[in-house]
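Read through the structure below, which is laid out as structure tokens, and then see the notes.
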Amino acid sequence: MAPKSDSPEAIVLKFVNQQNRPLNSQIVADSLQKDNLKKTAVQKALDTLVDTGKISFKEYGKQKIYIARQDQFEIPNAEELAQIKDDNAKLQQKLGEQKKATAEVEAEIKALKSNLTLDEIRVEEAVLKKEVKEMEEKLLKMRGGAALVKPEERKAVAEMFNDRLSQWRKRRRMFKDLWDAITENSPKDLKEFKEELGIEYDEDVGVSLQSLSDLQQPANKRLRSK
């Protein structure tokens, strides 16, 4: 006698037959949580189905593996199997085409979402107009000879710049003296030794003390002329 369609046995039997692959009780219980079946009820249903011959099982140590009875399924002959393979190939091709079409639609939707709405365009336009107006006002001041940077601010920046250059020269001399003392009698290749210690010269990082020093002289002249 077949179990009632809404009974735990019927739900478990339907799932095992649909899967038609080796299953343990945990997999079945996890998959049937949507049917509000707890693991104890699933285990009881599996045991009942085994006892009534509805499903098969094998034991591997303490693990029980359940599988649908294979004698209930029709085994396709060579011609039917070939047809199934051909149908599967066609379905795979259709699936690939559908995925490609879906990807194109998603890309188009993404592109449309990235476009600004009319309100957003108006807001952006207002911001840009304001920025353009501010830049035009600055340009007019510069053309009229107005100083955009206060003399005291320029002086403070120049003094800080001079101080940083002075510190740079001082530390370069300190490093050179120390490096010469360390490597004076060293048998190592100095370039390899430098790389081994992770030391980088100014030119290694693309900076030049001399080029910055050249900038310092005109700035100092302007300061003295104030």
Side-chain angles (χ1 to χ4, degrees), residues 30 33-34 90-226:
D30 291 342
Q33 284 183 356
K34 64 183 185 301
K90 290 178 180 178
L91 288 172
Q92 290 294 333
Q93 183 179 356
K94 287 183 179 179
L95 178 61
E97 292 171 354
Q98 189 62 45
K99 285 183 176 179
K100 183 180 178 182
T102 301
E104 290 174 353
V105 171
E106 289 177 346
E108 186 174 353
I109 291 172
K110 185 178 180 181
L112 290 172
K113 284 183 177 179
S114 65
N115 292 333
L116 296 176
T117 64
L118 183 58
D119 289 340
E120 289 172 334
I121 290 173
R122 286 171 177 166
V123 171
E124 185 72 15
E125 182 186 18
V127 171
L128 291 174
K129 282 183 176 179
K130 183 181 178 183
E131 290 178 354
V132 169
K133 185 178 179 181
E134 290 173 352
M135 287 190 285
E136 286 177 344
E137 289 174 353
K138 286 184 178 180
L139 182 59
L140 286 173
K141 288 180 180 179
M142 292 176 68
R143 285 174 176 170
L148 299 181
V149 180
K150 295 179 181 179
E152 57 269 23
E153 292 176 350
R154 185 184 294 115
K155 181 180 179 182
V157 171
E159 288 176 350
M160 182 175 67
F161 180 69
N162 292 339
D163 179 65
R164 296 297 185 272
L165 285 182
S166 177
Q167 291 292 332
W168 189 349
R169 292 190 187 93
K170 181 179 178 182
R171 293 182 184 186
R172 278 189 57 170
R173 285 194 299 271
M174 290 171 60
F175 168 77
K176 187 177 184 307
D177 293 342
L178 184 60
W179 180 253
D180 290 344
I182 292 173
T183 59
E184 183 177 3
N185 297 314
S186 175
K188 288 188 174 184
D189 180 90
L190 296 186
K191 184 177 179 182
E192 293 180 358
F193 189 34
K194 183 188 74 168
E195 292 176 355
E196 181 182 334
L197 296 176
I199 295 172
E200 293 179 325
Y201 291 165
D202 294 345
E203 55 270 20
D204 295 332
V205 292
V207 296
S208 169
L209 177 60
Q210 184 58 48
S211 62
L212 293 175
S213 297
D214 292 342
L215 293 175
Q216 183 185 30
Q217 294 175 3
N220 290 341
K221 287 181 180 178
R222 284 196 296 269
L223 283 177
R224 287 194 294 270
S225 64
K226 296 295 182 181

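Position 1 is the first residue of the sequence, and the numbers go up from there. Hydrogens, waters and symmetry mates are skipped; everything else that's a heavy atom, side chains included, is used.
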| request: Supply the atom-to-atom distance Lys94 NZ to Lys90 NZ, rounded to the nearest 0.5 angstrom. | output: 8.0 Å
| said: Please determine whether a side-chain nitrogen of the Lys or Arg among Lys129 and Glu125 lies less than 4.0 Å from a carboxylate oxygen of the Asp or Glu. | reply: yes
| remark: Residue set satisfying ring pair (Phe, Tyr, Trp, His ring centres under 6.0 Å) with Trp179, at least two apart, ordered chain then number -> Phe175, Phe193
| task | Mark yes when over 12 heavy atoms from residues, nucleotides or ligands other than Glu120 sit less than 6.0 Å from its CD; otherwise mark no. | result | yes
| query | Residues in side chain to side chain contact (heavy atoms under 4.5 Å, CB included) with Gln93, at least two apart? | reply | Glu97
| field | SB check Asp180 Lys176 (cutoff 4.0 Å) | value | yes
| Are the side chains of Val132 and Glu136 in touch, meaning some heavy atoms are under 4.5 Å apart? | yes
| query | Any ion pair linking Lys188 and Glu196 (charged N to carboxylate O, less than 4.0 Å)? | reply | yes
| Spatial distance of atom OG1 (Thr102) from atom CG (Leu95) [nearest 0.5 Å] | 9.0 Å
| query | In Å and rounded to the nearest 0.5 Å, what is the CD to CD1 distance from Glu184 to Ile182? | reply | 11.5 Å
| task | Mark yes when over 12 heavy atoms from residues, nucleotides or ligands other than Glu108 sit less than 6.0 Å from its CD; otherwise mark no. | result | no
| task | I would like to know whether Val207 and Tyr201 meet side-chain contact (heavy atoms from CB on, under 4.5 Å); could you show each step before the answer? | result | CA-CA 9 Å; Val207 296; Tyr201 291 165; over 6 Å; no
| So, do Lys191 and Glu195 sit near enough that their side-chain heavy atoms are less than 4.5 Å apart? | yes
